[in-house]
2 protein chains.
Amino acid sequence: MAVESSGWVTMGDVAERAGVSKITVSRVLRAPDKVREETRDRVRAAIADLGYVPDEAAGGLSSRRSRIVGAVISTLAGSTFASTVDGLGARLRQNGHQLLLAGTDYSSAKEADAVAAMLGRRPDGLVLTSTSHTEDARRTLAASRVPVVEIWELPAEPIGYAVGFSNHDAGAAMARHLLATGRRRPAFVGTAGEGDRRGRLRYEGFAEALAQTGTTDARAAAPSAGTHTARGARGLAAVLERWPDTDAVFCASDALALGALSEAGRRGLRVPDDIAIAGFGDFEFAGEFGLGLTTVRIPGIRIGETAAQLILDVNAGIRPDSRSIDVGFEVVERSTT
Amino acid sequence: MAVESSGWVTMGDVAERAGVSKITVSRVLRAPDKVREETRDRVRAAIADLGYVPDEAAGGLSSRRSRIVGAVISTLAGSTFASTVDGLGARLRQNGHQLLLAGTDYSSAKEADAVAAMLGRRPDGLVLTSTSHTEDARRTLAASRVPVVEIWELPAEPIGYAVGFSNHDAGAAMARHLLATGRRRPAFVGTAGEGDRRGRLRYEGFAEALAQTGTTDARAAAPSAGTHTARGARGLAAVLERWPDTDAVFCASDALALGALSEAGRRGLRVPDDIAIAGFGDFEFAGEFGLGLTTVRIPGIRIGETAAQLILDVNAGIRPDSRSIDVGFEVVERSTT
DNA sequence: GTTGCTGATGTTATCGGTAACATCCGTCAT
DNA sequence: ATGACGGATGTTACCGATAACATCAGCAAC
């Protein structure tokens with residue numbers, strides 16, 4: 001493996017060494033069967049000898065396909081989107097694409113910046129975890145004609161496509177589960193702030209399901225600062241202070257539920273005997289050998305994979321049947337309810 | 001905002017509309033003070049009118065700076081590296097760079113693939129969470145002259161630079177903590193498999209510190225399949241079966257510790273009275289309002305930020321004092337020890 | 001023997017920017 | 001008046017690949 005002293009090995013270097021022209025090298029890489037076997041071998045040998053790595057940026061400029069997909073994620077911390085990003089990246093790489101990542105800390109302004117920056121790479125697709133965008137971002141995206149997939153939610157009017165589930169229905173399903181296990185005075189604990197959109201949807205579904213059984217007092221708390229576990233603890237405290245007879249708490253995330261669990265312990269409340277606690281997300285720590293927490297499982301990896309596939313398909317000219325794909329959810333009953 | 005019917009707005013379109021040449025538009029973007037104010041305003045108006053977004057790939061091709069940094073991460077699931085990636089991405093974006101991400105599932109072969117794919121983007125830097133690479137990857141990286149930063153560990157001979165901490169010392173520190181709180185027969189629970197390199201380092205430090213006090217029987221278990229919490233539970237079970245008088249367990253990650261905690265509960269063991277349990281990583285769920293787990297805190301965000309800064313510095317011609325940056329760690333004492 | 005076709009390879013132009021050098025013009029010192 | 005200089009802007013070439021078209025040899029069909 002030899003490398004030119006000044007910079008990178010180019011396709012021209014490979015061509016010269018193999019005694020062919022650049023385009024033949026290009027063909028060996030993109031369409032090997034258009035090249036005679038002997039020539040092909042010679043070119044491949046030259047590639048290996050020189051340690052040549054094709055410049056994707058140059059190729060993309062010329063072919064107008066960047067083979068990059070951008071993902072704009074609210075946050076990576078908190079493990080909510082981690083598996084989705086994993087799934088997305090894995091499926092993309094299988095298909096020769098790469099993943100460009102940006103975090104927004106749940107800020108629409110940062111999202112708009114990130115979107116603009118990503119468009120500068122002329123991505124083959126864009127994945128957004130948020131569904132609330134600045135007007136500017138929305139316009140820019142629409143004008144760009146890049147396939148856009150919004151995930152983890154199913155907006156009524158997606159910009160392009162959507163892959164997710166109904167947060168509303170998930171909340172309702174959990175309410176029904178709590179009712180089915182005999183609870184009659186359940187409360188909701190969520191978080192305030194920019195990230196609470198989906199929590200609110202879950203709450204609405206939850207409250208509606210309760211209302212159908214005549215339970216109309218909408219018990220809820222949404223602490224606004226600190227870690228999620230701390231908010232969960234404070235949320236439970238707030239709920240119990242205002243409605244001391246609360247017999248179940250549905251938390252908008254497993255992290256909140258853990259906080260509630262620890263607060264319950266501090267207060268000497270037995271779970272689930274004195275109070276039932278349920279979470280959302282089925283994070284690893286919620287599982288059988290962890291907290292044993294009743295929660296809602298979301299197929300995070302599948303959301304990522306599906307979003308990736310959608311983008312690949314659209315670019316291959318395959319129109320999906322629907323602009324919205326519902327991956328569903330599942331209430332997982334464990335020992336805290 | 002108008003967009004040409006066929007594809008993207010180019011710098012030429014902007015130039016035409018503003019009545020200047022392409023290079024003037026380029027200057028307005030890269031070096032505004034070299035352009036007269038009036039001209040600058042006209043160009044900026046044209047950019048806004050047309051919704052122009054510069055093509056970074058084209059710019060990079062010409063300027064030979066891609067403004068992309070690649071990160072090859074063992075896994076995103078499990079929240080170990082999430083904050084590091086967050087920190088990395090944030091610092092990079094502040095400086096106009098973008099983050100290309102790939103996951104390897106702890107496979108060196110996938111790592112080699114990912115590295116090759118990333119080099120195709122001619123990145124301004126590369127960050128690797130692993131320190132065990134295929135010979136091929138190592139050669140390719142060395143030949144590429146791209147600044148490489150290995151993180152979360154401090155290898156004796158980094159490829160380029162390293163940002164991390166001593167896993168060995170962290171293990172030793174935890175051993176000393178357990179001894180200081182009166183434990184005399186501590187065991188270690190890790191995981192088997194490709195990802196256990198760092199766990200082994202922690203174990204070695206742990207065992208050495210114990211040996212210094214005369215405790216020479218190296219108690220350890222490393223279950224190999226299932227979720228981390230399940231392995232933690234099985235690990236504790238294995239340790240207790242073989243050494244029933246074990247009075248403390250140091251787990252190679254907080255997830256394992258949670259599993260051990262749940263297993264202890266199942267066996268009616270009181271923590272910390274009957275057995276002390278410590279973890280590693282200080283994941284959110286370990287905190288005060290969560291498990292209250294004694295653990296080792298790693299400045300994950302700072303590792304990411306530091307790695308990013310290192311790459312930016314090196315590209316700006318600033319040579320760092322040392323090829324290895326130790327960000328340290330901290331034993332956090334909570335209620336499980 | 002010419003035509004037409006196929007397979008293998010090459011030539012030229014182009015993608016959308018930036019670097020380097022060139023030009024133009026006004027101002028100021030001599 | 002003249003030349004030097006510096007600020008503002010333009011021209012040309014090039015980054016490293018691919019698309020589109022061109023070429024050429026070999027061979028079958030008439």
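Side-chain contact between A:Ile159 and A:His133 is present, with heavy atoms from C-beta onward closer than 4.5 Å.
For B:Arg30, the listed nucleotide lying nearest its side chain is C:dT18; candidates were D:dT11, C:dT18, D:dA17. Ranking C:dT18, D:dT18, C:dG17 by closeness to the B:Tyr52 side chain, first place goes to C:dG17. The side chain of A:Thr10 lies closest to D:dA17, out of D:dA17, C:dG16, C:dG10. Residue B:Thr24 places its side chain closer to D:dG10 than to any other of C:dT9, C:dC15, D:dG10. For B:Ser63, the listed nucleotide lying nearest its side chain is C:dT18; candidates were C:dT18, D:dT9, D:dG16. Of the candidates C:dG10, C:dG17, D:dC15, the closest approach to any side-chain atom of A:Val20 belongs to C:dG10.
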Got a list of protein N/O to nucleotides 20-26 of chain C N/O distances below 3.5 Å?
none

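Note: A:Trp8 and A:Tyr52 fail the aromatic proximity criterion, with ring centroids not under 6.0 Å apart.
Side chains of A:Glu153 and A:Thr131: a donor-acceptor N/O pair is present below 3.5 angstrom, by distance only.
Across the interface with DNA chain D, nearest-nucleotide mapping of B:Arg36 and B:Lys22 shows B:Arg36 to be the residue nearer the 5′ end. Nearer the 5' end of DNA chain D, as judged by each residue's closest nucleotide, is the contact made by B:Lys34, out of B:Lys34 and A:Gly59.
In this structure, B:Ser26 reaches the C:dT18 phosphate: one of its side-chain N or O atoms is under 4.0 Å from OP1 or OP2.
Nucleotide C:dT18 holds its P atom 7 Å from the CG atom of B:Leu29, rounded to whole Å. Atom CZ in A:Arg64 sits about 9 Å away from atom C1' in C:dT14, given to the nearest Å. The nearest whole Å value for the distance from the CZ atom in B:Arg42 to the C1' atom in D:dT9 is 11 Å. Between the CZ atom of A:Arg65 and the P atom of C:dT14 there is a distance of 23 Å, given to the nearest Å.
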